[in-house]
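Keep in mind that the numbers below use all heavy atoms, side chains included, and drop hydrogens, waters and symmetry copies. Chain letters run A, B, ... following the sequence lines, proteins first, then strands; residues in each count from 1. Values in this document were obtained by computation on a predicted structure and should not be read as measured data.
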2 protein chains.
Amino acid sequence: MTTDTPARLLQLLSLLQTPREWPGGELSDRLGVSRRTVRRDIDRLRELGYPVQASKGSDGGYRLVAGKALPPLVLDDEEAVAIAVGLRAGAGHAVEGLDEASVRALAKLEQVLPSRLRRRVSTLQAATTPLTSGDGAVIAPETLTVMASAVAGQERLRFAYRSKDGTPTKRLTEPHRLVSTGRRWYLVAYDLDRADWRTFRVDRVADPFATGARFAPRELPTGDAAEYLRRSMYVRQEAYEFEATFAAPAAYVAARVPAWLGTPEPLGEDSCRIRSSVGDAVEWLAVRLASVDCEFTVQEPAELVQRVRELGARLSRAAADN
Amino acid sequence: MTTDTPARLLQLLSLLQTPREWPGGELSDRLGVSRRTVRRDIDRLRELGYPVQASKGSDGGYRLVAGKALPPLVLDDEEAVAIAVGLRAGAGHAVEGLDEASVRALAKLEQVLPSRLRRRVSTLQAATTPLTSGDGAVIAPETLTVMASAVAGQERLRFAYRSKDGTPTKRLTEPHRLVSTGRRWYLVAYDLDRADWRTFRVDRVADPFATGARFAPRELPTGDAAEYLRRSMYVRQEAYEFEATFAAPAAYVAARVPAWLGTPEPLGEDSCRIRSSVGDAVEWLAVRLASVDCEFTVQEPAELVQRVRELGARLSRAAADN
DNA sequence: GACCATTAGGACACGATCTGACCTAATGGG
DNA sequence: CCCATTAGGTCAGATCGTGTCCTAATGGTC
C-alpha cells in the first residue's frame with residue numbers, strides 16, 4: 001500500500017532469486033497486494049527481460065531462471081561478505097584474463113558495501129592468507145579497488161611509490177588501466193609531474209588516493225595498455241626460463257599446477273615436462289613444484305635448482321631435529 | 001518513452017553503480033526523459049534507501065555511495081564470470097563460517113547465469129587448480145551448488161554415494177543443511193530409504209540431482225545441523241594432533257599460514273609454535289609448512305614427520321639429478 | 001475420471017501517479 | 001562575477017496501476 005510499484009518490483013526480484021518456487025498467493029501476501037497485481041508484476045519483469053518460469057498445477061509457482069541477460073543480483077549480508085572476501089583472496093592469483101574484471105567487480109561491490117559489512121570483510125580477510133604476489137610482495141586489496149575506481153571514474157590518482165632502488169617518491173597521475181600479468185599487478189598511467197606515460201608496480205604503491213579531479217582520457221602512444229606494459233617489461237627482462245620434469249602423467253600434473261605456469265607436455269606414459277618462463281618468483285615456484293606430489297627434477301634455472309636443494313635440506317632438518 | 005518507470009529505475013541503479021559521477025543531463029539523455037524526471041527518480045531511489053550522493057557546482061553529479069542496505073548489484077558479463085570463477089575456486093577453502101554463504105551466493109548467481117556465461121565459467125574454471133579438500137578429494141563446484149539449491153528450495157535430492165569402504169550406493173534424501181568444517185564439506189540429510197538422518201561427505205557424492213519434489217522440513221533430532229555433524233564426527237575421531245616450531249616471529253608465520261590451521265604462539269623474540277588438530281590432510285600439511293619460508297621443526301604426529309622427511313628427500317633428489 | 005490446486009489473462013472503473021514545462025533558490029569552481 | 005551544477009515547488013493533463021470481477025487452461029492427486 002504505502003510502498004510504490006518500483007520498490008515492489010525490486011522486492012519481487014529479490015524473492016524470486018531464492019532458489020525455490022513461489023506460489024502466487026505467497027507472493028501476494030508478502031508484497032501486500034492482490035494476486036492479480038502479482039501476475040501483472042511478473043508480466044512486467046518478463047517484459048524487462050527477466051525470464052520468470054511458471055509451473056502450473058498444484059504446488060506450482062514462479063521461479064527465476066537463466067535468461068539472456070543477468071538480472072541485478074540481490075544479495076543478503078552474508079553473501080555479500082562472502083563474495084567480497086572471496087574476490088579479495090583471489091584478486092592476486094586469479095585466472096589469467098579475468099583478474100581485471102574481478103577487481104572491477106570488487107570495486108563495484110565495495111563502493112556500495114555498508115560500513116558494518118565492510119568491517120566484517122576486513123576482519124575476515126585478516127584471517128586469510130594475505131594477498132601476495134608469490135615472492136612476498138603484498139598488495140592490499142584496498143589499493144587495487146581504489147585504483148580500479150579511479151580508472152573507471154577517470155579521476156586523478158595520487159600515491160606514494162617506492163622505485164626499484166627503494167627511494168620513495170610521490171606521484172600524481174592520470175590512471176589509464178590496471179593490468180595483471182598472472183602474478184603481478186601494474187598500473188599504466190600518465191605521470192603528470194614527469195609529463196609522460198609510466199607503468200607502476202602495484203605492490204610498490206602506498207596510500208593511493210583519488211583526488212576527485214576528473215580528467216579527459218589521453219591517447220596511449222602504443223594503443224593497447226597490455227601491449228604497452230609488455231614492451232616496458234621486455235626492456236627490463238623480468239623473466240626466467242625454467243624447466244622441470246615430472247614422473248607423472250601430464251593430466252595429473254596439469255591438475256595440480258596453476259595454468260599460467262605453463263602446460264605440461266607429455267614425455268611418455270608416466271612422465272611430462274613443463275618449460276615456461278616465469279617472473280622472479282623462484283622461491284615460491286619451488287614450493288609450488290613440491291606440492292604436485294610426485295617425483296620430479298629441475299633443470300633450470302640455476303637459482304631454482306639451488307632453491308629446491310635448500311628447501312629439501314630445510315625439510316630434512318625439520319624432520320630430523322627432535 | 002516506451003520503457004516504463006520501474007524499468008527506468010533499474011537502469012538508473014545500474015548506471016549509478018559505475019564508480020563515477022553522473023551529471024543529471026547525461027542521465028536524462030541516457031534514460032530518455034527530462035531532467036526534472038531524473039531528479040524525481042533520484043529522489044525515489046533515496047526513498048528506497050539507496051544513498052545517492054550529489055555534488056553541486058560544475059562537474060558535479062550523482063553517485064551511489066555506501067548506505068545501510070546493499071542495493072541490487074548490476075554486473076556486466078565479465079564481472080559475473082569473475083565472481084563465479086572466484087567463488088568456485090574459493091568454495092573449498094574459504095574462511096571458516098563463510099563457506100556456506102559463499103556457496104549460497106554461488107548458487108544464487110548460477111541460477112540466473114546465462115548459458116553463454118556458464119560455458120565461459122566452466123572453461124575458465126578448468127584452467128584453475130581444481131577444488132581439492134587438501135588430500136586429493138575433489139569436489140565439483142556444481143555438486144555444491146546443486147545441493148545448496150536443493151536445500152534452499154526444499155527439494156528432494158538423489159545422488160550416488162561411495163561409502164567409506166568404497167561400495168557405491170544410490171541415495172534419495174531430503175537435504176537439510178550443507179556444513180563445512182574448514183576443509184571438508186558435509187551434507188546433513190534425511191535418508192528416505194534408510195528412514196533416518198545421515199551425514200554425507202560431499203567429496204564422495206556423484207551426480208546429485210534435485211528431483212523437483214518438494215518436502216516438508218523435518219525436525220533434526222539434535223537441533224543444530226553443525227552440532228549433529230560434530231557428534232557423528234566425534235565418533236569417527238578424524239583429527240590428528242600436530243605440533244611444529246618455527247624460527248621466525250609469530251606475526252610472520254601467522255601471515256603465511258591459513259587461520260584455521262591454528263594460531264602461532266610466540267616462544268620468544270624469533271620463534272613460535274603452532275599446536276593444533278587437523279584432519280587427515282597430512283600430505284598437504286607438509287607442503288603448507290614448507291611454504292612458510294623459514295626454518296622449522298616438526299614434533300608430531302609421526303606421520304607428519306615422516307611425510308616432511310620424504311618431501312625433503314624428494315626435493316634433494318629433484319635438485320641433485322641432471 | 002473427477003477434483004483441486006495452480007497460472008494466464010480480459011474488462012472495467014476509479015484513483016493515484018507520473019511526466020514535462022515552467023518557475024526560483026542555493027552552491028561550488030574558475 | 002559567471003557559469004555550471006543540484007534542489008525543489010506548482011500545475012495540467014495524460015498515463016498508469018489497482019482491485020474486483022470474470023473465464024480458460026493445465027498439472028497433479030485421490
Side-chain angles (χ1 to χ4, degrees), chain A residues 1-13 15-16 20-48 50-65 153-156 210-216, chain B residues 1-12 15-16 20-48 50-65 153-156 211-216:
Chain A
M1 204 56 163
T2 163
T3 65
D4 44 349
T5 322
R8 203 183 52 234
L9 275 188
L10 283 175
Q11 201 185 341
L12 181 56
L13 206 51
L15 285 179
L16 287 178
R20 57 165 286 197
E21 296 246 319
W22 292 92
E26 198 168 342
L27 289 178
S28 70
D29 279 356
R30 290 238 188 182
L31 301 175
V33 290
S34 77
R35 277 163 117 95
R36 185 68 184 89
T37 304
V38 168
R39 277 204 293 278
R40 274 194 274 250
D41 282 353
I42 300 270
D43 264 0
R44 266 191 278 260
L45 284 185
R46 285 183 178 147
E47 272 168 27
L48 290 181
Y50 306 129
V52 181
Q53 194 186 54
S55 33
K56 303 191 170 188
S58 49
D59 76 49
Y62 299 95
R63 166 193 296 247
L64 192 61
V65 296
Q154 301 176 357
E155 290 185 14
R156 287 187 177 169
T211 65
R214 301 276 292 281
F215 64 88
Chain B
M1 200 61 160
T2 164
T3 65
D4 44 350
T5 322
R8 204 183 50 234
L9 275 188
L10 282 175
Q11 201 185 343
L12 180 58
L15 286 178
L16 288 178
R20 55 166 286 197
E21 296 247 319
W22 291 91
E26 198 167 342
L27 289 177
S28 71
D29 279 356
R30 290 239 189 185
L31 301 175
V33 291
S34 77
R35 279 162 115 93
R36 185 67 184 91
T37 304
V38 169
R39 276 204 294 277
R40 274 194 275 249
D41 283 353
I42 299 269
D43 264 0
R44 265 192 280 260
L45 285 185
R46 286 182 178 149
E47 272 168 25
L48 289 181
Y50 306 127
V52 181
Q53 194 186 53
S55 34
K56 304 191 171 190
S58 50
D59 77 50
Y62 299 94
R63 165 192 295 248
L64 191 60
V65 297
Q154 301 177 357
E155 290 185 14
R156 287 187 178 169
T211 66
R214 301 275 293 282
F215 64 88

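- When rounded to the nearest whole Å, the span between CD1 of B:I42 and C1' of D:dA7 equals 12 Å.
- The side chain of B:T5 places an N or O atom within less than 4.0 Å of a non-bridging phosphate oxygen (OP1 or OP2) of C:dT19.
- Whole-Å rounding puts the A:R35 CZ to C:dA8 C1' distance at 13 Å.
- Put simply, the side chain of A:R46 gets close to the backbone of A:V52: a donor and an acceptor are under 3.5 Å apart.
- One interatomic measurement links the two molecules: CG of B:L45 to P of D:dA7, which rounds to 12 Å at whole-angstrom precision.
- Protein atom CG of A:D43 is 12 Å distant from nucleotide atom C1' of C:dG10, rounded to whole Å.
- Closest to the A:R44 side chain, of the nucleotides C:dT19, D:dT6, D:dG17, is D:dG17.
- Looking at A:R40, its side chain comes within 3.5 Å of the base of D:dG19 through a donor and an acceptor atom.
- The CD-P distance, from B:E26 to D:dT6, rounds to 11 Å in whole Å.
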Does the pair A:L64 and A:Q53 meet the rule for a side chain to side chain contact (heavy atoms under 4.5 Å, CB included), with working shown? CA-CA 6 Å; A:L64 192 61; A:Q53 194 186 54; over 6 Å; no
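- Of the listed nucleotides (C:dG9, D:dT6, D:dA7), C:dG9 has the atom at the smallest distance from the side chain of A:R36.
- Atom pair B:L12:CG and C:dT19:P shows a separation of 12 Å (rounding to whole Å applied).
- A salt bridge links B:R44 with B:D41: the distance from a Lys NZ or Arg NE/NH1/NH2 to an Asp or Glu carboxylate oxygen falls below 4.0 Å.
- Here D:dT5 presents its C1' atom at 13 Å from CG of B:L27, a figure rounded to the nearest Å.
- Checking side-chain atoms of B:W22 against main-chain N and O of B:R63 turns up no donor-acceptor pair under 3.5 Å.
- The residues B:E21 and B:K56 are annotated as not salt-bridged, no charged nitrogen and carboxylate oxygen being separated by less than 4.0 angstrom.
- Side chain of B:R8 to backbone of B:L31: no donor-acceptor contact under 3.5 angstrom is found.
- Comparing A:A54 and A:P6 by the nucleotide of DNA chain C that holds the closest heavy atom to each, the one mapping nearer the 5' end is A:A54.
- The side chain of A:T37 places an N or O atom within less than 4.0 Å of a non-bridging phosphate oxygen (OP1 or OP2) of D:dG19.
- Put simply, CG on B:L9 is 12 Å from P on D:dG17, counting in whole angstrom units.
- Atom-to-atom distance recorded for B:L10:CG and A:L45:CG is 8.5 Å, nearest 0.5 angstrom.
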Summarise how protein sits on nucleotides 22-30 of chain D as a single string, 5' to 3': B when a protein heavy atom is under 4.0 Å from the base, S for sugar-phosphate-only contact, - for no contact. ----BB---
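- The side chain of A:R8 sits closest to D:dG17 out of D:dT10, D:dG17, D:dT20.
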